[in-house]
Trainee: 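This is the structure I want to talk about, given as structure tokens.
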Amino acid sequence: MSRKSSFWHTTLSPYLLEHVRVALNSVGDVLKNPVASLLTILTIAVVLLQPTLLHIGLKTAQSASNNLANNYNLALFLEPELPESAALDLRLTLQRRTGIKNVDYISPKQGLKEFAERTGLSAVIEKLPNNPLPATLVITPNTPISQPQLLDLRKQMLAIEGVDSVRLDIEWAERFAKMVLIANRIGLIVNILLALAVLFVIGNTIRLAIENKKSEIEISRLMGATDPFIRRPFLYMGFLYGFLGATFSWVALSLIVAWLVPPLRYLSKIYNFQPPTGLIPMEIVFLLLATGTAVGFVGAWAAFSSHLSAIDRV
Amino acid sequence: MIEFRQVTKRFNDGKFGLVGIDLQIHQGEMVFLTGHSGAGKSTLLNLITLLERPTRGEVWVDNGNLLALSCKQIPIYRRRIGVIFQDHRLLLDRNVFDNVALPLVISGVPRLEIPRRVHAALDLVNLLDKENKLPSSLSGGEQQRVGIARAVVNKPPIILADEPTGNLDPELSKEIIKLFENLNQVGVTLLIASHDYQLLMYRPYRVLTLAEGRLIADQKGGIQRADTQPLVAAS
Ligand SMILES: Nc1ncnc2c1ncn2[C@@H]1O[C@H](COP(=O)(O)OP(=O)(O)O)[C@@H](O)[C@H]1O
Ligand SMILES: [Mg+2]
């Protein structure tokens with residue numbers, strides 16, 4: 001700290017200069033114990049990773065759930081004995097009904113082909129002695145449509161001659177939406193707990209740093225150092241740990257997401273939702289870094305406040 | 001400059017550190033505080049630096065009652081007092097320059113001014129050539145001189161020293177006392193706690209003697225050999 005170029009002296013205000021000095025010293029302190037510092041940073045990174053992953057997972061699930069909620073379809077499974085011509089006639093009749101937007105006919109053969117494509121189980125399916133799938137009419141009702149209306153429509157469809165059974169996706173979609181909601185709330189609790197964990201890790205590291213500098217703090221006090229002066233390097237240290245932990249977490253997160261994207265893309269084709277891209281969205285990166293540094297700062301502050309009273313003060 | 005009015009210090013464990021101390025030290029005086037180990041010397045100094053608060057009575061420094069100082073004012077007050085310890089209490093991971101610069105950094109002295117003032121203080125204790133050394137590579141006498149440079153770098157009007165020669169041989173001790181005399185000559189008020197009677201004997205200092213927390217003697221012209229006898233016998 002004794003030899004710095006005169007550039008720093010002349011261009012920066014003394015107050016700013018003091019902060020630069022303290023910040024650089026804190027970087028030096030963190031680097032002085034590279035192994036211990038790295039352990040702290042990695043611990044913070046791992047702890048921060050979980051809520052972030054959860055957040056991304058929930059976002060994806062939510063987009064899937066929204067898609068499902070807007071795609072209510074009725075699948076009419078026709079009786080196996082019904083000839084194809086009768087099925088096509090039924091399709092035309094239904095097409096003309098009010099409240100129905102579109103009717104698709106899926107023959108057993110076509111259904112099996114699509115199933116094979118979606119699941120990649122074509123090898124297994126080829127070995128089947130006969131096609132187990134019925135002919136299906138997929139009805140897309142006019143939207144918006146309420147739940148009672150949907151249930152009523154299902155009743156009407158069941159009454160039609162030649163219709164064996166009707167499957168309505170509404171229950172599953174709603175259950176899924178509710179599960180996402182519950183997961184969201186659990187996620188919030190988990191996030192708070194994990195934030196406390198980071199607080200604890202950083203607080204403990206700062207407490208050790210304070211302990212190591214105890215004699216320096218005591219002597220500085222006696223020479224007239226104010227509390228903010230003594231606190232400053234530890235706040236910078238907490239800030240730095242939080243920021244570096246969050247940065248490491250970001251790197252790890254990118255690797256994990258890159259690893260998860262191919263299977264998710266495959267799932268998204270089956271369940272018809274927006275697949276995640278390999279990049280972490282900017283707002284999540286920002287949230288991660290902001291949370292990391294804020295928690296680091298607060299952890300350092302808390303450690304300092306609680307530990308300072310232990311170091312003699314009058 | 002420093003005034004104690006009926007000061008009593010009773011510790012939490014019920015022990016008395018000081019009992020009914022009344023004393024006055026004027027600006028520009030150089031005063032020794034003596035007495036056996038446990039007599040209350042350090043306690044008296046700690047009351048001036050506000051490391052301790054009196055149980056009863058008042059301490060006045062520079063015509064201000066220390067009781068009136070708010071928490072915010074204490075650091076500012078402390079910058080006007082230089083403190084020297086027996087174990088010098090240097091920061092072992094910083095070089096001599098940084099150790100001496102510490103009080104200046106704490107008081108927010110402009111960066112550009114720091115080297116000049118550190119060098120002036122190191123010059124005073126004759127250690128200019130050691131500024132880049134770590135304290136551990138210095139001798140005991142040199143370490144204590146670094147401690148003195150650190151205490152004077154802020155040009156405080158008052159210097160308190162607690163057993164500054166406790167770890168040094170007589171030759172080095174004399175050197176340290178000589179340094180204090182030089183400071184005293186430029187107007188600094190000094191209060192030096194020491195149980196080293198040899199050092200004080202036949203010298204013209206004012207000597208305050210403590211025994212079991214009480215001020216039992218205040219001699220203006222230094223102490224004679226005979227004065228030390230009853231103290232030794234009493235312990
Ligand atoms: N914090 C404390 N708590 C209890 N007793 C103390 C404390 N500090 C000092 N004492 C006691 O007060 C007396 C005076 O101590 P001190 O001022 O350190 O003496 P000296 O510096 O003259 O050797 C001693 O008996 C010591 O044990
Ligand atoms: Mg003592």
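Quantities reported herein were computed from a predicted structural model and do not represent experimental measurements. Residue numbers begin at 1 in each chain, while the letters A, B, ... track the order of the sequences.
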Trainee: What part of B:Asp93 gets closer than 4.5 Å to chain A, counting heavy atoms only: side chain, backbone, both or neither?
Mentor: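 Side chain only.
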
Trainee: Which one, A:Thr226, A:Leu222, A:Ile230, leads in non-hydrogen pairs under 4.5 Å with chain B?
Mentor: A:Leu222

Trainee: Please report the interatomic distance CD1(B:Ile84) to CZ(B:Arg89), rounded to the nearest 0.5 Å.
Mentor: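 Answer for the CD1-CZ pair, B:Ile84 versus B:Arg89, is 13.5 Å.
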
Trainee: Take a 6.0 Å sphere around CG of B:Asn12 and say whether it holds more than 12 heavy atoms from other residues, nucleotides or ligands.
Mentor: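 Not more than 12 within 6.0 Å, no.
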
Trainee: Which side-chain N or O atoms in residues 182-192 of chain A pair as donor and acceptor under 3.5 Å with protein atoms at least two apart or in another chain?
Mentor:
none

Trainee: Is it true that B:Arg116 and B:Glu113 make a salt bridge, defined as a side-chain N closer than 4.0 Å to a carboxylate O?
Mentor: yes

Trainee: What donor-acceptor contacts under 3.5 angstrom involve side-chain atoms of residues 44-53 of chain A, with partners at least two apart or in another chain?
Mentor:
{"residue": "A:Thr52", "atom": "OG1", "partner": "A:Leu48", "partner atom": "O", "Å": "2.6"}

Trainee: Quick one: what part of B:Phe85 sits under 4.5 Å from any heavy atom of chain A, side chain, backbone, both or neither?
Mentor: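 Side chain only.
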
Trainee: Can you tell me which portion of B:Arg80 sits under 4.5 Å from chain A's heavy atoms? Options are side chain, backbone, both or neither.
Mentor: neither

Trainee: At a 4.5 Å cut-off on heavy atoms, which part of B:Leu91 comes close to chain A: side chain, backbone, both, or neither?
Mentor: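 Only the side chain of B:Leu91 comes within 4.5 Å of chain A.
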
